[in-house]
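Worksheet: the structure to be examined is printed underneath.
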Number of protein chains: 2
Amino acid sequence: MGKVTIKDVAREAGVSISTVSNALNNVDVLNPETKSHVLNVAKRMNYVPNLNGKQLKTGKTKMLGFFTTSVSGPYFYTLVESMARECDRLGYGLNVFVTRDKQVIMSNILGRRVDGVIIYEELRIDDEDVSMMMKEKIKAVFLDRFLENETMGSVIFDSFVAGYEATKYLISLGHKKIAYISGVDTMFDSVQRRDGYLEALREHQLLVDEDYVLQGYFEEEGTYNAVKSFLHMHPDKLPDAFLAGNDLSAIGCIRALKSHGFDVPADISVVGFDDIDIAQYFTPPLTTVRNQIARQGVLAIDHLVRMIQKKEQGKKQKLAGELVVRGSSQVKIQRNDLGQE
Amino acid sequence: MGKVTIKDVAREAGVSISTVSNALNNVDVLNPETKSHVLNVAKRMNYVPNLNGKQLKTGKTKMLGFFTTSVSGPYFYTLVESMARECDRLGYGLNVFVTRDKQVIMSNILGRRVDGVIIYEELRIDDEDVSMMMKEKIKAVFLDRFLENETMGSVIFDSFVAGYEATKYLISLGHKKIAYISGVDTMFDSVQRRDGYLEALREHQLLVDEDYVLQGYFEEEGTYNAVKSFLHMHPDKLPDAFLAGNDLSAIGCIRALKSHGFDVPADISVVGFDDIDIAQYFTPPLTTVRNQIARQGVLAIDHLVRMIQKKEQGKKQKLAGELVVRGSSQVKIQRNDLGQE
DNA sequence: TAGAATTATAAAAACGTTTTTATAAAAAGG
DNA sequence: CCTTTTTATAAAAACGTTTTTATAATTCTA
């Protein structure tokens, strides 16, 4: 015995298929008695509508897709949690695709598995695909990516300003030799933060030194290695402070510094980005620029749903970061300038 | 102009719908020339199959559902990441539903939105729903929940063995007086861990003392209080080591010990369970039994897919924990047995 | 070379819904 | 009372596929 369909309910209740459909979707065209009778029969038979049939007919799936390269780490889980909850609240489900396979991505998007999509920037959907999505009137919101395209939405963390402000903060503490630990150079956020950092340096006529831009890949391990090898290769160029591309990177940086006998923040200040939840538990607690990740997720979903339901145009939304001062940074201790080194 | 369908391709290519379908799904019944011609036309027209139509007809969605109360924190993101990747590898997508709404859950499961489901235990799907799922032949794997039901799969963390191994490890360090800080007595995991602990003690003919089983409720605060009051009431029974019911509990325990002037691990070793992400950042870094979360996810997905594709029966799988030795435990320092205390 | 078997394609049915259109019965209008 | 509206329900079409069945053309068999 297979699944009970609307047809079975109709037969059992002695009415037509359309009557059952109307009863279930409470269209007010029905005789109340008929309606409640049908509903009773449906309930008794444990009828549950087949969503594929429904979706095919209506062209709506009530599902949103999140396409990303990863969901690991505090950044992503905060994002996914906030998006999933917001979806649930709005009557949608969330489809998470962790993949780099363009084929998978496009066939799911264009195949109408979901009513709209959230795309994480690292996927770097190319222009051809974007224009394809545009032609098909796909509703999409990009995270952390700026798209010139006016039909697509985007929600980004203003990394340039964040980088700029974080650097200005370090300068205000009296630090002059400030190093930046870059993430992945193809990533918008990473580049923006670095540009903000460089801008602040220039504005204060401070040294802009190529050697002071390390490569940490947004990872603890990668940064740890990068900082260690930097200390090894340039023992004469010890910076006053490190601005790490994100908190994980800041943690890796601090570990590397500790392992070389430096104290953070007494000897060197370190500042990160994001304010992931570990940040406040780390020793020392991290000074960081908070990325309102959860808010970003909620904003993206809300916007996407409005684009779907209210045909709203794609907007560009920038979220400002917020400097959270904790224990990994402090005023530069001015040692005897002549005596040391 | 709407979406291009298989019908449009058929017209454009001058063949029938079924020929197009056969060409796309490379059924080898077609003349190779016809096939490549159709494929070319389809490509030129940017044809992408509508998945709803396909799903309705085939009855398969190539989607798996994950139903949970949360995706926050290291446990969940590790789980979701591993499941999503495994899904991708096997040609499935993952649907994540973060909700407690039974209505949402059941309508998505029974409405055949997904080919199979992974259900996180905290949802506590009741027996009625389980039997409903059984009747509908829903393929399901439960995480961290033991179901007597033979048609459903489950993957659980073997807390008994974890408790047993952790205790054996402490014994191997030379500890003899080992206390256990229990979680909540109604919870499976807590009881299992305690039983494993007791088993290990017995096996090594070590003291099994009622007083050495404290109540910490799986919480930092509760454990802190429990340990403090223990130290207060039994100053003569200072243990060599504490086995805490989970990492949070271990943290509370260490804090209590510190506040009494004890050093961990020099004076007393402490071991926890789970390996939450704070564990490695705490001072001292926690020795703990890691729940192999990623493996649990992969196992669950693999099993589920086999249940779907190979009609495999639901199995019960237990995963052994993995001891992660860090800084909160060390070899018992044998002080002069006669001189001290 | 007539009939059988094979090959390649087309036509039609089906999946389970919703929606549009048709029909029958009841109520209203004059 | 006979037409016109209104009301309640049924029938049919449609969504975009896959799959089953039918048909035509070719090749094989004896």
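Order of the sequence lines fixes the chain letters, A, B, ..., with proteins taken first and strands second; residue numbering starts at 1 for each chain. These figures come from a predicted structure and were not determined experimentally.
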Go through [options] for me and flag the one nearest to the [X] side chain.
| X | options | value |
| --- | --- | --- |
| B/Leu56 | C/dA13, C/dT19, C/dG16 | C/dG16 |
| A/Ile17 | C/dT18, D/dT18, D/dC15 | C/dT18 |
| A/Thr5 | D/dT17, C/dT17, D/dA10 | C/dT17 |
| B/Asn31 | D/dT18, C/dT9, D/dC15 | C/dT9 |

Respond yes when some side-chain nitrogen or oxygen of [X] is under 4.0 Å from OP1 or OP2 of [N], and no when none is.
| X | N | value |
| --- | --- | --- |
| A/Thr19 | D/dA10 | yes |
| A/Thr58 | D/dC15 | no |
| B/Lys54 | D/dT18 | yes |
| B/Ser21 | D/dT17 | no |

Exercise. Want to settle it: does B/Thr34 or B/Gly53 sit nearer the 5' end of DNA chain C, counting the closest nucleotide to each?
Worked result: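 Looking at DNA chain C, the more 5' nearest nucleotide goes with B/Thr34.
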Exercise. Considering heavy-atom distances to DNA chain C, does A/Leu24 or B/Val29 have its closest nucleotide positioned more toward the 5' end?
Worked result: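 Here B/Val29 is the residue nearer the 5' end.
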Tell me the interatomic distance from [X], atom [atom1], to [N], atom [atom2], rounded to whole angstroms.
| X | N | atom1 | atom2 | result |
| --- | --- | --- | --- | --- |
| B/Asn22 | C/dA11 | CG | P | 14 Å |
| A/Arg11 | D/dA11 | CZ | C1' | 17 Å |
| A/Asn25 | D/dT9 | CG | P | 16 Å |
| A/Ile6 | D/dA10 | CD1 | P | 13 Å |
| B/His37 | C/dT9 | NE2 | P | 11 Å |
| B/Gln55 | C/dT17 | CD | P | 15 Å |
| A/Lys35 | D/dT7 | NZ | C1' | 16 Å |
| A/Asp28 | D/dA8 | CG | P | 10 Å |

For this session: Assign A/Gly111 to base, sugar-phosphate, or nothing according to its heavy-atom contacts below 4.0 angstrom with the strands shown.
Result: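 No contact at all - A/Gly111 keeps every heavy atom at 4.0 Å or more from the nucleic acid.
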For this session: Decide salt bridge (Lys or Arg N to Asp or Glu O under 4.0 Å) for A/Arg306 and A/Glu312; before the verdict, give the C-alpha distance in whole Å, the side-chain angles of both, and the deciding distance to 0.1 Å.
Result: CA-CA 6 Å; A/Arg306 280 199 309 275; A/Glu312 188 176 289; 2.8 Å; yes
Exercise. So, do B/Asn108 and B/Val104 sit near enough that their side-chain heavy atoms are less than 4.5 Å apart?
Worked result: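 Yes, close enough: below the 4.5 Å cut-off.
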For this session: Return yes if the base of C/dA11 and the side-chain atoms of B/Ser18 contain a donor-acceptor N/O pair under 3.5 Å, otherwise no.
Result: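 Such a pair exists between side chain and base.
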Exercise. Is it true that A/Phe76 and A/Tyr120 have ring centroids separated by less than 6.0 Å?
Worked result: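 Distance test on ring centres: under 6.0 Å, yes.
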For this session: Using distance alone, with no hydrogens and no angle criterion, decide if B/Arg112 and B/Gln55 have a side-chain donor and acceptor under 3.5 Å apart.
Result: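 Note: B/Arg112 and B/Gln55 side chains miss the donor-acceptor criterion.
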For this session: Decide side-chain hydrogen bond (donor to acceptor under 3.5 Å, both in side chains) for B/Thr19 and B/Ser16; before the verdict, give the C-alpha distance in whole Å, the side-chain angles of both, and the deciding distance to 0.1 Å.
Result: CA-CA 5 Å; B/Thr19 298; B/Ser16 75; 3.1 Å; yes
